[in-house]
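Here the structure comes first, spelled out in structure tokens, and everything after it is commentary.
What you see is a predicted model, and the numbers here were worked out from it, not measured in a lab. Lettering of chains follows the sequences in order, A, B, ..., and the numbering in each one begins at 1.
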Number of protein chains: 2
Amino acid sequence: MVEIAPIPRSPRGAMLRQREVAERIKQYILHNHLGPGDALPTEAELCEAVGASRSSVREAIKTLTALDIVEVRHGHGTYVGRLSLAALVESLAFRGLLSRADDFRVLSELVEVRQTIEQGMAASIVTASDEALHGELLDLAEQMAECAARGESFIEQDREFHLLLMEPLGNELLTQLTAAFWDVHAIVAPSLDTTPESVRETVEAHRAIARAVMARDVAAFVRAVEAHYAPVRDNLREGLQSGGSGPVPAGPGDF
Amino acid sequence: MVEIAPIPRSPRGAMLRQREVAERIKQYILHNHLGPGDALPTEAELCEAVGASRSSVREAIKTLTALDIVEVRHGHGTYVGRLSLAALVESLAFRGLLSRADDFRVLSELVEVRQTIEQGMAASIVTASDEALHGELLDLAEQMAECAARGESFIEQDREFHLLLMEPLGNELLTQLTAAFWDVHAIVAPSLDTTPESVRETVEAHRAIARAVMARDVAAFVRAVEAHYAPVRDNLREGLQSGGSGPVPAGPGDF
DNA sequence: CCGGATTTGTTCGTATGTATA
DNA sequence: ATATACATACGAACAAATCCG
């Protein structure tokens with residue numbers, strides 16, 4: 001039997017194939033100064049460039065896709081990803097869903113982090129806000145009140161409200177973290193704060209926050225944020241008996 | 001030609017194969033109340049269970065591995081992952097490396113977030129800390145001073161110090177976020193704060209923080225944290241000229 | 001609107017490396 | 001040392017999506 005020398009696979013032992021491929025794709029992006037949306041070589045070209053099979057390249061791309069470092073469009077090509085915090089959302093959301101069966105620890109900790117960030121930014125938010133923002137905040141708070149009066153949900157307004165608070169700070173990362181934490185909360189506890197009292201308190205809390213920003217009253221802002229998250233915490237504690245926010249979003253079946 | 005009916009691929013339109021597989025693996029973990037370290041079915045079993053090929057299953061597993069939802073041990077099996085924030089670290093670190101070429105915006109924003117969290121937790125940290133913690137903080141600060149005197153690095157002590165601050169709060173998520181942000185900082189700017197003045201200021205800042213905690217002086221704690229991150233910010237601003245912390249960690253070659 | 005070219009998605013078969021008993 | 005179970009890797013073929021002439 002003739003040995004064909006199937007390419008000295010891993011000259012230096014250790015590094016897994018796909019890990020190496022993923023690393024080189026990242027290097028490629030960095031060295032060529034590519035940004036989100038820029039095109040990457042095709043799978044075939046990547047295979048030839050790194051000397052790996054298409055399967056390995058694809059698995060490496062899968063890893064980078066999960067981190068939103070690359071983005072793949074079927075039948076079109078591979079591109080540099082948006083570099084969002086989608087991975088954080090999915091990872092944290094799963095943790096929350098797992099712990100939800102027993103307690104709401106993860107969700108409870110998440111609420112504490114959200115509150116800490118908003119209160120910690122109180123002074124900056126209040127001083128950096130302008131009239132336009134004040135109008136938007138108040139408008140959203142009123143929309144939420146109207147939705148509540150009609151018995152409708154106002155999750156979109158709620159999300160937008162908390163994002164708007166961070167906007168004047170000009171800190172992209174902070175805004176994205178706020179969005180990510182909000183999304184995780186919404187995934188893990190989609191319908192936890194829906195008791196009539198909670199809804200009323202929540203609406204009023206947002207109004208109070210908006211007023212505090214407009215008055216540029218830091219202390220009032222901190223108190224309003226505290227009042228906003230207090231009922232959420234209470235619901236989390238009591239959520240243990242009521243079984244939380246329904247069963248796990250049933251999948252196609254869990255073999 | 002007889003149609004073999006290769007399984008009604010996607011009965012309902014849209015969902016990609018691997019996406020569906022990944023979703024069902026997550027459902028499997030949730031429905032069976034598995035925790036980190038628990039064993040998952042083998043690849044072959046997963047293939048049969050979800051009716052997909054090995055390649056698809058493997059790519060789905062790759063995605064979940066990147067999020068640390070599953071963990072694969074070569075030649076051993078597939079297990080539920082540690083659910084760490086590793087994905088956040090890798091994702092954010094890459095963003096930082098990308099933006100580093102132009103400016104240090106991401107890193108600068110990261111510093112602001114770190115400072116906000118630590119200052120926001122000032123009151124809780126100060127009140128929740130105990131004598132044992134005080135001793136450890138002071139000890140670490142002294143170790144850092146000694147290292148600096150010998151011209152050595154003290155990154156390990158620095159990391160441990162900031163983690164210890166969050167420990168008394170009992171918020172697992174907060175501790176992991178602190179660790180993640182610290183790691184990102186270390187990856188993106190591995191040797192940025194190494195000017196003699198910076199080192200001196202940094203050591204003194206940690207000592208001041210430790211003293212503030214011991215004295216349970218919230219205001220002093222906030223000031224000390226401010227003093228800790230101020231030089232870091234300055235270095236970031238000046239880092240633009242000096243070209244930052246060296247070139248991108250060179251890979252095996254970037255085709 | 002259609003057809004061909006390009007590119008990614010999926011599958012199968014096979015071979016190899018690794019860990020456990 | 002052998003055998004078994006398992007993950008890793010490769011390559012070829014076909015399906016599906018997208019684009020363009």
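- Counting only heavy atoms from C-beta on, E59(A) has its side chain closest to dA9(D) among dT18(D), dA9(D), dA7(D).
- If you check dA9(D), dA7(D), dG9(C) against the side chain of L16(A), the one that comes closest is dA9(D).
- Nearest nucleotide to the side chain of R58(B), out of dA9(D), dC10(D), dA19(C): dA9(D).
- Nearest to the side-chain atoms of T42(B) among the listed nucleotides dT11(C), dA7(D), dA9(D) stands dA7(D).
- Each of V89(A), V188(A), L92(A), L88(A) was compared with D183(A) under the side-chain contact (heavy atoms from CB on, under 4.5 Å) criterion, and only V89(A) meets it.
- Distances from the side chain of H74(A) to the nucleotides dA17(D), dT18(D), dT8(D) place dA17(D) closest.
- For Q157(B) (side chain) and M144(B) (main-chain N/O), no donor-acceptor pair under 3.5 Å exists by modelled atom type.
- Although no hydrogens or angles enter the test, the distance criterion places a donor-acceptor pair under 3.5 Å between the side chain of D103(A) and the main chain of R105(A).
- Put simply, R17(A) has a side-chain N or O that comes within less than 4.0 Å of OP1 or OP2 on dC10(D).
- Checking dT20(C), dT11(C), dA13(D) against every side-chain atom of R54(A), the shortest atom distance belongs to dA13(D).
- Residue Q18(B) contributes atom CD, which lies 13 Å from atom C1' of dT11(C) at whole-angstrom precision.
- At dA7(D), one or more side-chain N or O atoms of T78(B) fall inside 4.0 Å of OP1 or OP2 (strictly under the cut-off).
- When the nucleotides dT10(C), dA9(D), dG11(D) are ranked by their closest atom to the side chain of S55(A), dG11(D) comes out on top.
- For the pair M166(B)/I117(B), a side-chain contact is recorded, criterion being any heavy-atom separation below 4.5 Å from C-beta on.
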